[in-house]
Amino acid sequence: MITVALAKGALLQDSIACLQAAGLDFTALTAPGNRQLMVDSPCGRACALLVRNADVPVYVAYGQAQLGVVGDDVLREHPQELARLADLGFGGCRMAVAVKRSSPYRRAADLPAHCRVASKFIHCARTFFDSLDLPVDLIQLQGSVELGPLTGMSEAIVDLVATGRTLQENGLVAIEDLFFSTARLVGNPLALRMDRGPLQAVVEAVRHGVPARSRQP
């Protein structure tokens, strides 16, 4: 049986719809009152694990799931040895540097050396500022990073931006994008090498159901 790791939250509905193109039905995960974290597809060929975003690459890398669907932002923040199989095209958002609207900074490079930057995405932020050769003091937060500049704890934040409404309502503005993120289909490299056909059939069916511009990993 093929096991697929799916991320809780914003990507779940589209992930389920995407896998239906391969004949895998995991709609039970979103049924009212469902508390199960593992469900079987009625076809009997696969099951799904419902896990936190950051855990999807871990389950796939360690082989507890052969496939997974997760945002590219998570893959960049929590790098694992995975096969990137397809850009699924949904869940689009951007990783951006943001500051208070009243701030004089209009580019990331304008930030002063050793300023404080708050983020949930410490690895992504460090990689970006290292590429600018700009040393900053990173503060890891797990909740609303927008409070960093508002309370004076940090001069800037690095966070995911979808519509930009949260930034706007909190008096912040994005000044530079790190990258654009969408949902990706990933696989366990060993499982793919040892596959005798069923796993690749699911991958190809998912790819076939994705718009052509998004099929490349």
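Every heavy atom of this structure was used, including side-chain atoms; hydrogens, water molecules and symmetry mates were not.
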Q | Asp72 and Arg184: CA distance, side-chain angles, deciding distance, salt bridge (charged side-chain N to carboxylate O under 4.0 Å, His left out) verdict | A | CA-CA 6 Å; Asp72 187 44; Arg184 307 299 171 99; 3.8 Å; yes

Q) Stepwise, does the side-chain contact (heavy atoms from CB on, under 4.5 Å) test hold for Thr166 with Glu146? A) CA-CA 8 Å; Thr166 301; Glu146 295 85 2; 3.4 Å; yes

Q | Residues Val97, Tyr105; criterion side-chain contact (heavy atoms from CB on, under 4.5 Å); working and verdict | A | CA-CA 11 Å; Val97 180; Tyr105 312 122; over 6 Å; no

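Applying the side-chain hydrogen bond (donor to acceptor under 3.5 Å, both in side chains) rule to Arg196 yields no partners; only residues at least two apart in sequence or on another chain are considered.
Minimum interatomic distance between Asp25 and Gln20 (heavy atoms only, all atoms of both residues): OD1-NE2, 3.9 Å. Taking all atoms of both residues into account, the shortest heavy-atom contact from Pro57 to Ala54 is CD-O, 3.5 Å. Of all the heavy atoms in Arg207 and Ala86, the pair that sits closest is CG-CB, 4.0 Å. A pairwise comparison of heavy atoms in Ala162 and Cys93 identifies CA-CB, 4.2 Å as the closest pair. For the pair Ala48 and Leu29, the tightest heavy-atom approach, listed with the atom from each and the gap, is CB-CD1, 4.0 Å. Contact record, Ala21 with Gly209: CB-CA, 4.4 Å, taken as the closest heavy-atom pair.
The backbone N or O of Gly171 lies less than 3.5 Å from no partner atom in the side chain of Lys100, so there is not a single donor-acceptor pair. When atom types are taken as modelled, the side chain of Asp195 and the backbone of Ala191 share no donor-acceptor pair closer than 3.5 angstrom.
Placement of Val51 and Val74 within a single hydrophobic cluster is found when ILVMFWY residues are connected by side-chain heavy-atom separations under 4.5 Å, directly or transitively. No chain of hydrophobic side-chain contacts below 4.5 Å, direct or via other Ile, Leu, Val, Met, Phe, Trp or Tyr residues, connects Leu192 to Leu82. Residues Leu50 and Val60 fall into different hydrophobic clusters, defined by Ile, Leu, Val, Met, Phe, Trp and Tyr side chains chained together at heavy-atom separations under 4.5 Å. Val58 and Leu11 sit in two unconnected hydrophobic clusters of ILVMFWY residues. Membership requires side-chain heavy atoms under 4.5 Å apart, directly or through other members. Under the 4.5 Å side-chain heavy-atom criterion for grouping Ile, Leu, Val, Met, Phe, Trp and Tyr, Val70 is not connected to Leu185 through any hydrophobic cluster.
Between Glu176 and Phe128 there is a side-chain heavy-atom pair separated by less than 4.5 Å. For the pair Val202/Leu24, a side-chain contact is recorded, criterion being any heavy-atom separation below 4.5 Å from C-beta on. Between Phe26 and Ser41, the closest side-chain pair of non-hydrogen atoms falls below 4.5 Å. Side chains of Val158 and Val117 form a contact here, defined as non-hydrogen atoms less than 4.5 Å apart. Considering only heavy atoms from C-beta on, Leu49 stays 4.5 Å or farther from Val56 through its side chain. Using a 4.5 Å heavy-atom threshold, the side chains of Val69 and Phe90 count as touching.
One finds the CG atom of Leu6 at 12.0 Å from the CG atom of Asp14 (value rounded to the nearest 0.5 Å). Taken from OG in Ser15 to NZ in Lys8, the straight-line distance is 14.0 Å, to the nearest 0.5 Å. His78 contributes atom NE2, which lies 9.5 Å from atom NE2 of His123 (distance to the nearest 0.5 angstrom). Between the CG atom of Asn170 and the CZ atom of Arg165 there is a distance of 11.5 Å, given to the nearest 0.5 Å. One finds the CZ atom of Phe121 at 10.5 Å from the CD atom of Gln140 (value rounded to the nearest 0.5 Å). Here the SG-CD distance, from Cys18 to Gln13, works out to 13.0 Å after rounding to the nearest 0.5 Å.
Atom CE of Met194 has 12 or fewer heavy atoms from other residues, nucleotides or ligands within 6.0 Å. Atom OH of Tyr59 sits in a sparse spot, with 12 or fewer heavy atoms from other residues, nucleotides or ligands closer than 6.0 Å. Annotation: Glu81, atom CD; neighbour count of heavy atoms from other residues, nucleotides and ligands within 6.0 Å does not exceed 12. Counting heavy atoms of neighbouring residues, nucleotides and ligands inside a 6.0 Å radius, atom CD of Gln168 does not exceed 12 of them.
Cation-pi check for Arg76 over Phe179 is met; the charged atom lies under 6.0 angstrom from the ring centroid and within 45 degrees of its normal.
Remark: Asp177 engages Arg94 in a salt bridge, criterion side-chain N to carboxylate O under 4.0 Å. Ion pair Arg52/Asp55 not flagged as a salt bridge, since none of the NZ, NE, NH1 or NH2 atoms sits closer than 4.0 Å to an Asp/Glu carboxylate oxygen.
Partner of Thr3 under the side chain to side chain contact (heavy atoms under 4.5 Å, CB included) criterion, chosen from Gln66, Gln64, Met38: Gln66. Checking each of Val39, Asn34, Leu19, Ile16 against Thr27 for a side chain to side chain contact (heavy atoms under 4.5 Å, CB included) leaves exactly one that passes, namely Ile16. Across Val186, Val206, Leu67, a single residue satisfies side chain to side chain contact (heavy atoms under 4.5 Å, CB included) together with Leu85, and that is Leu67.
In summary, the side chains of Arg101 and Ser103 do not present any donor paired with an acceptor at a separation below 3.5 Å, with no hydrogens or angles considered. Under 3.5 Å, the side chains of Asp73 and Ser181 contain a donor-acceptor pair of N or O atoms.
The other residues sharing a hydrophobic cluster with Leu147 are Ile139, Leu141, Val145, Leu150, Met153, Ile157, Val161, Leu167, Leu172, where clustering joins ILVMFWY side chains under 4.5 Å apart.
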